[in-house]
Amino acid sequence: MRRLGSVQQKIPCVFLTEVKEEPSRKRDCQQFQVVASESVNPVALEANIDCALATEKLDGTCCYVTLYKGQPYLWARLDRKPNKQAEKRFKKYQHAHRSCKGFTWSVEEDFKTVPEAWIPAHRVKHHNDQPVPDEHGHIPGWVPVERDNKQYCWHSSVVDYEVGAAIVLRPSADDDDVLEIAAVPLADLLEQTLELIGTNVNANPYGLGSKKQPIHFLVSHGSVRIGNPPPVDYQQLRSWFQESPEGRVEGIVWHCNDGTLVKVHRHHLGLRWPDGESCLVEKSVLVHVDGTVDEYNNSSRDLFSSFAALNGQCFSRLQDVQLDL
């Protein structure tokens with residue numbers, strides 16, 4: 001199997017995009033939106049997009065597994081952003097020049113502080129040992145998810161560092177149309193990026209769990225394949241999202257053979273998201289979390305012990321998974 005790309009940077013659209021001066025369908029309070037043209041992005045053509053692996057773009061928050069304090073750790077996405085004064089100067093320059101090219105940053109003076117353990121994402125450019133902001137004025141990066149950090153409590157709910165495992169949602173090895181909830185060793189996820197989805201992430205478009213019984217999972221990027229993807233053609237993709245049962249997804253991420261990633265979001269094509277039930281929640285699910293309730297780190301109310309109590313059970317739909325807390 002090919003090595004799937006790691007989501008370390010903002011993924012470009014498979015089509016060339018343009019900015020329209022109208023309220024965004026994706027982000028509240030954003031008075032512009034980025035829409036796709038019908039021209040395929042040269043980046044996608046150079047990466048041989050027609051031979052790429054099409055996978056479901058999941059609606060959550062990006063995570064990364066790498067070493068921290070000598071052991072595999074989950075890291076949350078934390079982009080370093082400019083302070084208010086620098087942001088104002090940047091936007092003024094953009095408006096005057098219709099471009100951000102040529103704008104000069106001072107990373108030490110212009111950017112908000114980040115936790116000491118923060119690291120820049122892979123492939124972030126450096127100048128004089130300082131990370132260079134991207135075209136949006138951000139420095140993509142990661143911060144380790146510590147148990148006592150309330151800001152990342154939903155991230156920490158899916159990992160147990162004493163056991164060294166994470167709660168992962170993945171296609172079954174025997175059938176891509178069946179999902180499996182599994183406790184996976186963090187060591188097996190090293191250097192992978194994953195999406196955290198669930199009750200308290202991005203307004204829960206998948207309808208997982210409830211306020212009283214929140215449920216969250218990590219899903220490895222590229223693991224949910226699209227069986228019969230449409231050609232990379234604007235009109236055919238738009239029709240597929242609207243008419244195909246497999247098109248009930250937030251978007252597509254193509255993993256090219258050279259490691260390039262390109263995507264398309266429904267909003268790029270002027271389509272709503274969420275729009276009815278997604279493909280993901282209609283798949284059947286098997287719980288495969290071995291071990292006893294007492295084996296896991298926290299109380300009997302944590303996800304690990306709750307899923308361990310359900311080990312071996314099947315659910316006809318992902319939305320039907322409920323925890324008996």
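Keep in mind that the numbers below use all heavy atoms, side chains included, and drop hydrogens, waters and symmetry copies.
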Would you find a donor on one side and an acceptor on the other, under 3.5 Å apart, between the side chain of Gln319 and the backbone of Tyr206? yes
Search all heavy atoms of Cys63 against all heavy atoms of Leu218 and return the closest pair with its distance. SG-CD2, 4.1 Å
Derivation of the side chain to side chain donor-acceptor pair (under 3.5 Å) call for Tyr64 and Glu191: CA-CA 7 Å; Tyr64 175 44; Glu191 300 312 314; 2.3 Å; yes
So His138 and Lys10, do their side chains get closer than 4.5 Å, heavy atoms only? no
Check whether any side-chain heavy atom of His155 lies under 4.5 Å from a side-chain heavy atom of His216, and answer yes or no. no
So do Thr55 and Val224 actually touch side chain to side chain, heavy atoms under 4.5 Å? no
Contact check, side chains of Arg80 and Pro140, non-hydrogen atoms, under 4.5 Å: no
Judged by atom type as modelled, is there a donor-acceptor pair below 3.5 Å linking the side chain of Gln9 to the main-chain atoms of His122? yes
About how many Å separate CG of Leu280 and CD of Glu250, when rounded to the nearest 0.5 Å? 11.5 Å
Heavy atoms, side chains only, cut-off 4.5 Å: are Ile252 and Ile226 in contact? yes
When you measure from the side chain of Ser239 to the backbone N and O of Gln236, does any donor-acceptor pair fall under 3.5 Å? no
Quick one: pull up OG in Ser37 and OH in Tyr234 and give me the separation to the nearest 0.5 Å. 8.5 Å
N/O donor-acceptor pair under 3.5 Å between His255 side chain and Val253 backbone: no
Rounded to the nearest 0.5 Å, what's the gap from CD on Glu282 to OG on Ser316? Could you check? 10.5 Å
Can a donor-acceptor pair be found, under 3.5 Å and without considering hydrogens, that links the side chain of Asn202 to the backbone of Gly60? yes
Salt bridge (Lys or Arg N to Asp or Glu O under 4.0 Å) for Glu146 and Lys69? Distances and angles first, verdict last. CA-CA 11 Å; Glu146 303 267 24; Lys69 297 180 180 177; 3.6 Å; yes
Any chance you could measure Leu286, atom CG, to Leu310, atom CG, to the nearest 0.5 Å? 11.0 Å
Please report the interatomic distance NE2(His288) to OG(Ser172), rounded to the nearest 0.5 Å. 10.5 Å
Report yes or no: does Arg225 contribute a side-chain atom to a donor-acceptor pair with the main-chain N or O of Leu53 at less than 3.5 Å? no
Determine whether more than 12 heavy atoms belonging to other residues, nucleotides or ligands lie under 6.0 Å from atom CD of Gln71. yes
Whether Ser6 side chain and Gln8 backbone form a donor-acceptor pair below 3.5 Å: no
Cluster question for you: counting only ILVMFWY and a side-chain heavy-atom cut-off of under 4.5 Å, with indirect links fine, are Leu67 and Tyr161 together? yes
Hey, could you give me the CG/CG distance between Asp59 and Asn204, rounded to the nearest 0.5 Å? 9.5 Å
Do the side chains of Tyr68 and Ile119 get nearer than 4.5 Å, heavy atoms only? no
Is there a continuous path of hydrophobic side-chain contacts, each under 4.5 Å between heavy atoms, that joins Phe315 to Leu303? yes
Heavy-atom neighbours of His127 NE2 exceed 12 at 6.0 Å: no
Is any side-chain heavy atom of Arg77 closer than 4.5 Å to one of Trp142? yes
Which atoms form the tightest heavy-atom contact between Pro214 and Leu323, and what is the distance? O-CD1, 4.1 Å
Side chain proximity check, Trp118 to Ile139, heavy atoms < 4.5 angstrom: yes
Please determine whether side chain to side chain donor-acceptor pair (under 3.5 Å) holds for the pair Ser305 and Asp302, giving the CA-CA distance in whole Å, both sets of side-chain angles, and the decisive distance to 0.1 Å. CA-CA 6 Å; Ser305 54; Asp302 75 5; 2.5 Å; yes
Answer with yes or no after comparing the ring centroid distance for Phe103 and Trp105 against a 6.0 Å cut-off, counting only values under it. yes
Given the rule that I, L, V, M, F, W and Y join up when any side-chain heavy atoms are under 4.5 Å apart, are Tyr152 and Val65 in one cluster? yes
According to a 4.5 Å side-chain heavy-atom criterion applied to Ile, Leu, Val, Met, Phe, Trp and Tyr, with indirect links allowed, do Ile181 and Leu208 form part of one hydrophobic cluster? yes
For Glu109, is the CD atom crowded, meaning more than 12 foreign heavy atoms sit under 6.0 Å from it? no
Look only at the side chain of Asp160 and the backbone of Ala165, and say whether a donor-acceptor pair between them is shorter than 3.5 Å. no
Ignoring hydrogens, what is the shortest heavy-atom contact between Asn311 and Val287? Give both atom names and the distance. OD1-O, 3.5 Å
Salt bridge (charged side-chain N to carboxylate O under 4.0 Å, His left out) pairs, two or more places apart, involving residues 126-144: none
